[in-house]
Each structure stands twice: as C-alpha cells, then as structure tokens.
Amino acid sequence: MRGLAKAEASEYEVEFFREKGFTRKRCRVGGEYFWTLNPDMDTCQDAPCVEYWFDRIPSRDPLRVGEARRLFIGFFERRGHTPIKPRPVVARWREDLYLTIASIVVFQPHVTSGLVPPPANPLVISQPSIRLEDIDNVGLTIGRHLTSFEMAAHHAFNYPDKPVYWKDETVRLAFEFFTKEMGIPGDLIVFKESWWEGGGNAGPSFEVAVGGLELATLVFMQYRVTERGYEPIPLRIVDTGYGVERMSWFTWKTPTAFHAIYPGLLEKFRDILGVEEAGEEVLWAAFRAAGRLDPEDPRSVESYYRRVAEASGLSVGEAREALMREARLYSVLDHTKTIALMLADGVVPSNTGEGYLARLVIRRALRQLLMLGAETRLADLVDLQVEYWSGDFPQLPEHRDYILDAVSLEEERFKETLRRGSKLVRQIIGRKKALDLEDLVLLYDSHGIPPEVAAEEARRLGVSVEVPHNFYSIVAARHQAPEKVRRIGERVELPDHVVKALEGLPETRRLFHEDPYLREFRARVLRVVDGRYVVLDATAFYPKGGGQDYDTGILQGPWGEARVLRVYKVGGVIVHVLDRDVKASPGDEVLGRIDWIRRYRLMRHHTATHILLGAARAVLGDHVWQAGAEKTVEKARLDITHHRPLTRDEVRRIEELANRVVDERRRVSARVLDRNEAEERYGFKIYQGGVPMEARIRIVEVEGWDAEACFGTHLANTGEVGGIKITRVERIQDGVVRLEYVAGTRVAEEARRLSDLVEEASKIVGGRSGEELLARIEGVARELEELRSSLKRYRSLYSELLIEKAREAPRVGGLRLLVFTPPESDRRPLQEVLRTLTSTYEDLVAIAVEPAEGDWATVEIALGSRAAGAVDAGRLAKLLAEALGGRGGGRGSRATLRIPSKAAGAVGEEAAKAIESLTSQQ
RNA sequence: GGGCCGGUAGCUCAGCCUGGAAGAGCGCCCGGCUUGCACCCGGGAGGCCCCGGGUUCAAAUCCCGGCCGGUCCA
C-alpha cells in the first residue's frame, strides 16, 4: 500500500542503515525516497519505476514455493521467532472482513487492540491470503497480481512495559534474510520509504525491492487514525509481509511467476486448455515490459503489447493475441487455486457474502475457459490443484469431495445461464435486428451473460456488436448508489432513557451460568428505573441473547410480588422488566423464581441445536456453518450453509445421528477459556454464532461432538434432550438451508398435532380414523375427476341447447338476438359457451345475464363476426347501461356491463331497442 | 443488504408495452398413411396465467404488497 509520506524523515532513520553505510536517495522516476548501499543507484527499484531485471541478479538455487516458505520460517525460528500455524483464508473471526487478505488480519482486532495477547511474541507465520480487487489484472501482469498468495511474516508486538523489537531489528532481520538466505547482493537491495494505513491504524513502512520486484513490506504500526489526525498507540506492532511466490520467482528467474509457482502443472494446464506456448522471445519481451505496465490504463496496456511486438518481431495484433491467451491460461491457474482454498475452508458459493466472492472467482474462471474454447470441466482443473498443493495445504485433499461437488454445481448453473443467454440474444435480435450497449448491460447485469458471449452469439446471427473495452466499469458505474449507513451494534429492545439510566452499574452476576438448573434465588436490588425496570446484583433469569429467548417468572420483595415479563442484557447488566411499577429501592432483598417449564424447554432446544449442528456437519461436511439460529419455547430453528437442497435421506440421517447422540448420554459442559487456548484447541468452528469481542470466551462443549462459543443455558447431559424431531426443512436462500425442529416433551406435542391433523382430515373426507385417510383421499380424488368430466359434458350439452335455441332466436335489425341466463355464474366456462355460439352464427348477438346474487348483475355481450360488423359491442353496452342504470363498456365483438339486479328482466327488451337504433343509424 | 430480470399447458416459451373471448412448438392420447418403425397428415386431451390486495363495466395484461427462481453489485 502506497501513500504520501505522513511521517517525518527521521522516522526512517534506522541505526542499521548508519552502521552499514546506507544512504538516503530520491528516485529519479517516481520521486520517492529510498535507502541503498549502492552509490550509483538512482531509482527505487520498484515497479513501475523500473523494468524487471532481477533475472540478471544472482541469488541462491531456485526455490519452489514450499521451499521458500520453509526457508523463511526456519530462518526466523532460528532468530527467536515462534512459528504459528496459518489460519483459514475465510476470516471467520472478523465481522468486518470476508477474507484473510494479509497475515496481520490473523491478529485483528483482538490482539492489535490489546485485548488479547498474541499466541507468541515475536512470531513467524506464512499465511495463505486472498485478494480479489485486482482479479482482472491477474495473468496480464504475468505474476505481479495473484488472487491467492502466501504472505510470510514476522511480527513483534511491543507493549509499553514489554518491548520486543522495532525498526532497527526488523530491517536488520530482513536484510540478513535476503542476503544470507536468499543470496541476493546487499548493494542491490533497496528500502523504499513509504506509509501504510489500514483498519484504522497507520505507520511508516519500508518496501523492499530488488531488480524491479517488491519482495517485502515492513510496516511499523504506531498510530491510530482519528478525526484529529494520527495519535500514537501504546501497542506498537511490527507488521511485515514477504511474498513467498515472489521469492520463488526471484530465484527461478523465469519469464513469469506462474512458471516458478507451477512447474509441471503449468504445462499440464497448457496442454488441457490447448494454449500453445507463446515462445521464449515473446515471454521474455513481456517480462521486460511488464514492470512498466499499468493494467488500469488502456494506453499503457497498448504500449505494452507494442513493446512486446517490437522486441519479438511479431505484429502488434499477433503479440496481443498471444499474450491474451497466455494471460487466460495464467488466470485459470490462479483462480483454480483460489477456488480450492476458499471451498476447502467451507465457503458455500451463493449470492451473498463470501459465498458471492467464491462464485465470482468460479464464474471468472469459467469465462476464461469459454474464451479459450476449452472443453474441459473446471472441476477437473480444480482437482489438479487439490493434488498439486496437497502437501502444502492438507485441507485441500481433506475436503476434496465437497470442493469438486460445489464447483461442478456452479459449472452446471453457469451453463444454464449461458443457454438462457443465447436464447435471450436470439429474441432481442429477432425483435430489433440489433444488439446495442443497453442490451449488453441488461444481459450481463440482470442475466449474468458475459458481453463477449452475447456478442459472439449475435455475430453468429449476422449482427456485429462492439464490446467496449471498459464494459465492466460502465456496469459498475450504474451500481453506484449513495452510501448506506451501516447498522450499529446490537439492537436493544429497551427504551433509550432506560439504557442510559443503567450506566455505571457493575456486571450482573450470572447465576444461570453458575448453575443452569437453579430455579429460585435471593439477590439485592441495585437500581430501579421507571418503577418496573429492575437490576439486581445477581440473577438466575436468562436474558434474551445468543439466539435463546429470555426467562419469565416472578420477583418478590418487601413491596410484594411482581411478574417478570421480559429480561434483557445491556452490556454485562441484566434488566428485568416487570408487569407493574413497584416501590423497590436499592438494597432491597428479593426472591426470584423462574418459570421452570419454559426455561427447561429453552434449554432442551438449545442443547438440541448444538447436537444437530454437529450432526449436520457429520452428514453433509465441514462446509456446514451456522448461518443463524433461534430457540423458543415452542420450537427451534437452525440455518446452515450448504450448496444443495437437502434430500429426504440426508434429513433422516441428520435426525437419526442427532438422536443417537441424545441416547449416548454425552456430557455437556461449559467453561471459560482464554481466547487463544480455545481457538487452538477447538478451531474457528467455535464461532458459529458470531465472534464475541472478549479476551476470555465461554465454550459449551458436547463431549466429543461439538464445541461452540455460547452464552446460553445448557443441559448437563445430551440424554436430557429426550429426543429431536425435525419438523420442517426449507431452502431459505441460495446456499442456506433452514431446519426447524422440536425437542423433549415438545416432540410428543408435535406428534399429537400431527395425529389431530390426520383425524381432522379423515373426518372431512368421511373416514372414521386416520388409518382410512389414504384410501378415502384416493376415493375423493377419483370422484373429483369423474365430476369434472361430467360437468364438462353438461356444459357442452348446455351450449348445444343454446345453439338450438339461437336457431329460432328473434331477429332485430337483421341480427339474431339471444338473451339467456346461464346456470352458473363462473365466467370462464361462460366464455367458452359464448365463443361456441358466436362462431356458429355469424349474425348472432349473444347476451348472458348472470344469475342475480346481490344488488348487481354482470352482463356479458358477445357478437358473431357479421354482427360485430354491424354493431359495435362497446356502443351496445353503453346504450344498455344507460337504459338500465348500469355501467359498462367494451370493444369490437366483446363487452361487459354491470346492471342493477332488478333490471335483469328488461335486458332482452332494451337490447332489442338498442340494436334497432344502432343498425338503423347506418 | 441493495439494484435489475423473470414466474402463462408436462416441457420451452409467445401474448403484457397499447386492458376487451388463453396461444404456438415439443411431448402425450386417438385415427390415417406404413409389413413394422420413423417421417408425414387429421383429430383430441391438457391452464387457480405464482399468491394477496387495488384500479376498472372488464385484469394474464395497469398499480401496490408478498412468495419463489435467476442475476449483478456491496
């Protein structure tokens, strides 16, 4: 990250530089200051100020990615750093971030804010990270941009009373690593002065660049960004980031980073995708030019192609074509790895959140395959990545089944989208013989059809379409809406002034945690607000929270007895809402008694939820996460992430497994652990219900089955759940399935509800018991069928009769007039009858007067073709309406009107008059 | 979370803009042609036009709300 130097020059003066004889210079291209040992160095050695030339800089033997990682960790371990295991690429411990974009993310916000100590200090880590903001540049820049990469880092956390190391030692370690371990000549290593800001913190930094390639960034986090400016913070953090893939590239000195990262696999992909090698000359020309390439600037991209063309002897068009195909190949390599990493960490592709990011990468990879004309399945390519990285990332082979299934499903959906797309294009072109930018935007934005695909389809239909090079930014611009205010904090269901009045109170002692079976307790009143909001020093009343509903009960004091209606938590303070105002005052001793039946049912549903989540993970896979949950007295509900709708069999297996855990009588225990310890022991799946912002967290563990950070009250043993019945399964949105269920005695109630339902139903169809229901329903269905066909026969019989009647219908003004009242007021079959009549007699005016049921009757008028030529149905309706005191209208051969029921008898007479006058006018 | 597109016969869809009698193709059933199959020809069955409300004499069509699916963007 680059920024204007906000720091004094002195911030960058490091003892080590003085000792070694570094000098501070200014880049003659970009103007930035840098430190070097080399008196002749006049540029900062970073892209885009210089070309890549690190291929001519000596270094140690080529390192594969894994070797570079081990070299780094080994070196820093020998220098007193403790190696830390990397975290998932999905930042489940962060609520403000979907993906792990850097190693420091691992320690935010709890460690960086000072709440929790780091797991070790100093430490070394190599963290797989994902950044999608430059996804469109991947491939084009031959390796400068990757969506997934490993960020190796050494971190030191300097507390005011316990400093570890700061700028001098950091620079010293970096220099030593690059010279001694990487074998890079010291006089070619440049430390460029820079400034870093992110996540509300800031500080000076050095970017370490060699031969055009930035190999590391050394950040010294020492400020907090406030409205007033930069304020020093007590915890100063050394935050470094070394590009593992770049270290590998540096030592291999291949024309692209992909050649260094994927020896073997690159060739395999090339083969499968049918991308013939662009040739050494072209690739090296690209290498030379890529350093100066600004992918955001179309002019820069054009001049990049031109330079490659000049250096390799190709035409600009040939060079562009060759490099674009190479870029697509590299993109597919990059994206398939990212897809594997994201899915392995349990992301479910969907249209929201991190699921959307996964879909984005998958879609983009599929688009590249399409444009390369490759026939291969994306899942097969991802599978090759799973195998390729299995030694480095064991989570990939571990979750292979899920990864491949999810990719295949997305691939099918994409194909479906494309099918729909080509049809839409055909429709548009069929309609207007053209396809303009507006259409392209609509096709992409609303239907997901890539513009290239739409243009291709249009070409096939003989319509030429130009896709603007800035198409995606045109689309993006249309989405720009005014920034929405982010919702703040937890919603509190108490009046504002009550919340305000609670300030300064100590945390309420939670008797419900000390003993979840406690039904009665004594405590003292600490504060009363508005006579009915009572805070005690301790309570057994559970407040609404953690997806569990509050307790109810009674509170007895010197002032008498009051019912507790609701209980809420504000920070650590628990507030009881009473049904009436009481004359309580601080110091009063009270006796509290909770509604035990209610509480016990809530506990059963809560423990059942933990059991069920474990069962869902066991049956469906580790990608299952809780997306939401609610436990009430009546039922519980658990939303889980999953990419497909659940089958009946899966639901049955989840239910059976959950009930087995109930029968096994497993112990359920709760204890408060240090955050680091809890994460170390159970992993991040403890954060199913959200991430508590606390140093110590309460872990509820179902022995050997499930462990989650949880505030709720739980049974001591799974056996007490009594039994679990899933009552409803529903896909509530893309990637999320909702389970509803009941536990314990509620299962019996649920069973009774169902059997009552069966009884009711069988009574309606005439059975005496539920057993007969099925047979009865079959009978009813058969009977319905017979009645339908019989009704149909009668209807056609009725229209035959009317046809007969119309034969003798009186003639008015040269037209036949038939007025009748049908036996049913349903309009649909009537339309059929009218149609039959008017198609039989061309000169017929058919008027159906609805059997009167209320004050108003509907009259339908239909004309045969010749009758319609003589009389307009609309005018006829107007005249009739006028004469009979109704309203109506129509057009051509059809009209409708509503008249007072009383006038129904006069329709025939008035119709004759109206037709007479209409025909005589002509 | 927001924007946009869609929901009509078993399937794929037209009709909606501009309100006025629910359509096509495929599939299905019956018949003809044929040694038989396919093709072809003739006939037929099959619709809560997603749900609820509103406007209107009249709503698949216009308006509002909801549900479902798709899709783009955070």
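Remember, it's a predicted structure, so these values are computed and weren't measured experimentally. Below, all heavy atoms of this structure are taken into account, side chains as well, without hydrogens, waters or symmetry copies.
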Residue [X], side-chain atoms from C-beta onward, closest of [options]:
{"X": "A:Tyr98", "options": "B:A74, B:A21, B:C72", "answer": "B:A74"}
{"X": "A:Arg835", "options": "B:G70, B:U71, B:G23", "answer": "B:G23"}
{"X": "A:Arg894", "options": "B:C72, B:A21, B:U71", "answer": "B:A21"}

Looking at A:Thr417, I'd like to know whether one of its side-chain N or O atoms comes within less than 4.0 Å of OP1 or OP2 on B:U71.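 The answer is yes; a side-chain N or O of A:Thr417 sits under 4.0 Å from OP1 or OP2.
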
If you compare all heavy atoms of A:Trp856 against all heavy atoms of A:Gly886, which two are closest, and at what distance to 0.1 Å?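 Distance-wise, the nearest heavy atoms are CZ3-CA, 4.2 Å.
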
Residue pair A:Gly885 / A:Pro900: nearest heavy atoms and the distance that separates them: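 Scanning both residues completely, I find the closest heavy atoms to be O-CD, 3.4 Å.
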
Suppose we screen for salt bridge (Lys or Arg N to Asp or Glu O under 4.0 Å). Which residues come up paired with A:Arg419, at least two apart in sequence or across chains?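 For A:Arg419, the residues satisfying salt bridge (Lys or Arg N to Asp or Glu O under 4.0 Å) (neighbours in sequence not counted) are A:Glu416.
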
I want to confirm an ordering. Mapping A:Ser446 and A:Gly864 to their closest nucleotides on RNA chain B, which one lands closer to the 5' end?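 First, find each residue's nearest nucleotide; the 5'-ward one identifies A:Ser446.
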
Has the side chain of A:Thr896 got a donor or acceptor that lies under 3.5 Å from a partner of the other kind on the base of B:G20?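 Result: at least one qualifying N/O pair found.
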
At less than 3.5 Å, do the side-chain atoms of A:Thr838 and the base atoms of B:A21 form a donor-acceptor pair?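 Check passes, donor-acceptor contact within cut-off.
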
Rounded to the Å, how far apart are A:Arg891 CZ and B:A58 C1'?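 Checked: the CZ to C1' distance equals 11 Å.
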
For the pair A:Lys635 and A:Glu630, find out whether any cationic side-chain nitrogen is under 4.0 Å from an anionic carboxylate oxygen.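 No, A:Lys635 and A:Glu630 are not salt-bridged.
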
Expected rows: protein N/O vs nucleotides 15-18 of chain B N/O, under 3.5 Å:
none

